[in-house]
Amino acid sequence: SRNFFSSKIPPLKQSQFGATFGGPIRKDRTFFFAAYDGTRQSAGVTEVGVVPTPAMLQGDFSSVSKPVINPATGAQFPGNIIPASLIAPQAKLIASYYPVPDQQGVLNFGRVAGSYDNDDQVFARIDQKLTDKNSLTGHVAYAKRDALVPAVINPFGQLSPFVAINVSVQDTHIFTPSIINQVQLG
């Protein structure tokens, strides 16, 4: 649906897919199971924020009620206007990367930015019946996720990579019907 701050409905594309496979390796003794699950999502995200006006980028802060102070003298700049000679070349370079406001009000800039969220999960398990009273189980789980959350002005946004791996081995021994010992590593 359309975001309150957006003039159009942002695009959304999502795909989920996966597979499972399992069965016996040795009849009544060894079994395996494997699974894969994947998600791919790309979406448009409505972002709104505050950017300096063209006048502010030139040093004119006369529209701001709070006094703009000259750090060299400690006095307020006359009319809240910073003279062009005091604006550093580095500040002018950074200012050239700011977008022009496209809306009225405090939140004066908005855009629909692309985002994505890719997720992969793999799981494998093997069960071995050693004797009628002893069994061994092992599993490996792997998950990987990459997500990009856009920022209002920064064209790169925030990339959030995530990887998790879990490995476990478990031995179960039945001494009597009422006494069971289970040892797990991982």
Side-chain angles (χ1 to χ4, degrees), residues 1-21 33-72 76-125 139-167:
S1 68
R2 184 180 68 80
N3 182 298
F4 177 79
F5 295 104
S6 181
S7 60
K8 60 184 177 181
I9 297 174
L12 171 64
K13 182 179 178 185
Q14 180 172 316
S15 301
Q16 281 186 288
F17 44 90
T20 60
F21 186 63
F33 177 79
Y36 169 77
D37 180 54
T39 303
R40 303 290 180 270
Q41 181 182 31
S42 62
V45 178
T46 302
E47 297 284 345
V48 293
V50 179
V51 296
T53 65
M56 289 175 177
L57 294 175
Q58 299 298 319
D60 183 355
F61 291 87
S62 58
S63 63
V64 178
S65 61
K66 188 171 183 175
V68 178
I69 306 297
N70 183 337
Q76 180 178 352
F77 284 108
N80 269 0
I81 298 173
I82 301 170
S85 63
L86 294 181
I87 299 176
Q90 298 87 345
K92 290 179 183 178
L93 177 66
I94 292 170
S96 69
Y97 289 100
Y98 274 100
V100 176
D102 61 359
Q103 302 174 150
Q104 296 296 318
V106 175
L107 297 174
N108 62 357
F109 179 74
R111 71 179 181 130
V112 175
S115 71
Y116 66 82
D117 191 352
N118 298 330
D119 186 28
D120 293 295
Q121 297 178 30
V122 178
F123 179 81
R125 175 182 169 129
H139 86 257
V140 175
Y142 173 83
K144 179 181 179 191
R145 183 176 186 183
D146 291 314
L148 174 68
V149 179
V152 177
I153 299 169
N154 179 349
F156 304 110
Q158 178 182 0
L159 184 61
S160 302
F162 171 81
V163 174
I165 300 172
N166 179 275
V167 179

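Small disclaimer: the values here were computed from a predicted structure and weren't measured.
Using modelled atom types, no side-chain atom of Q90 and backbone atom of I94 make a donor-acceptor pair closer than 3.5 Å. Side chain of T46 to backbone of V112: no donor-acceptor contact under 3.5 angstrom is found. Remark: side-chain polar atoms of N108 are paired, donor with acceptor, to backbone N or O of V51 under 3.5 angstrom. Side-chain atoms of N80 come within 3.5 Å of backbone N or O of K66 as a donor-acceptor pair.
Checked by atom type, the side-chain pair Y142/N166 shows no donor-acceptor distance below 3.5 Å.
Heavy-atom minimum distance, I153 versus P99: CG2-CD, 3.8 Å. For the residue pair Q41 and N118, the shortest heavy atom distance occurs at N-OD1, 3.9 Å. Between L93 and S96, the closest heavy-atom pair is O-OG, 2.5 Å. Closest of all the heavy-atom pairs between P150 and R111 is CB-NH2, 4.3 Å.
Within 6.0 Å of the CZ atom in F109, the count of heavy atoms belonging to other residues, nucleotides or ligands exceeds 12. Q14 CD: more than 12 foreign heavy atoms inside a 6.0 Å radius. Heavy-atom neighbours of F17 CZ from other residues, nucleotides or ligands within 6.0 Å: above the threshold of 12.
Ion pair R145/D117 flagged as a salt bridge, since at least one NZ, NE, NH1 or NH2 atom sits closer than 4.0 Å to an Asp/Glu carboxylate oxygen. Ion pair D146/R40 not flagged as a salt bridge, since none of the NZ, NE, NH1 or NH2 atoms sits closer than 4.0 Å to an Asp/Glu carboxylate oxygen.
Note: F77 CZ to I69 CD1 = 8.5 Å, rounded to the nearest 0.5 Å. Once rounded to the nearest 0.5 Å, the distance linking NE2 of H139 with CZ of F123 reads 5.0 Å. Distance CZ/F61 to OG1/T53: 7.5 Å, rounded to 0.5 Å. Between the OG atom in S42 and the CG atom in L148 there is a gap of 11.0 Å [rounded to 0.5 Å]. Atom CD1 of I82 and atom CE of M56 lie 10.5 Å apart (nearest 0.5 Å).
At least one side-chain heavy atom of P101 sits under 4.5 Å from a side-chain heavy atom of P54. By the 4.5 Å heavy-atom criterion applied to side chains, Y116 and L159 are counted as neighbours.
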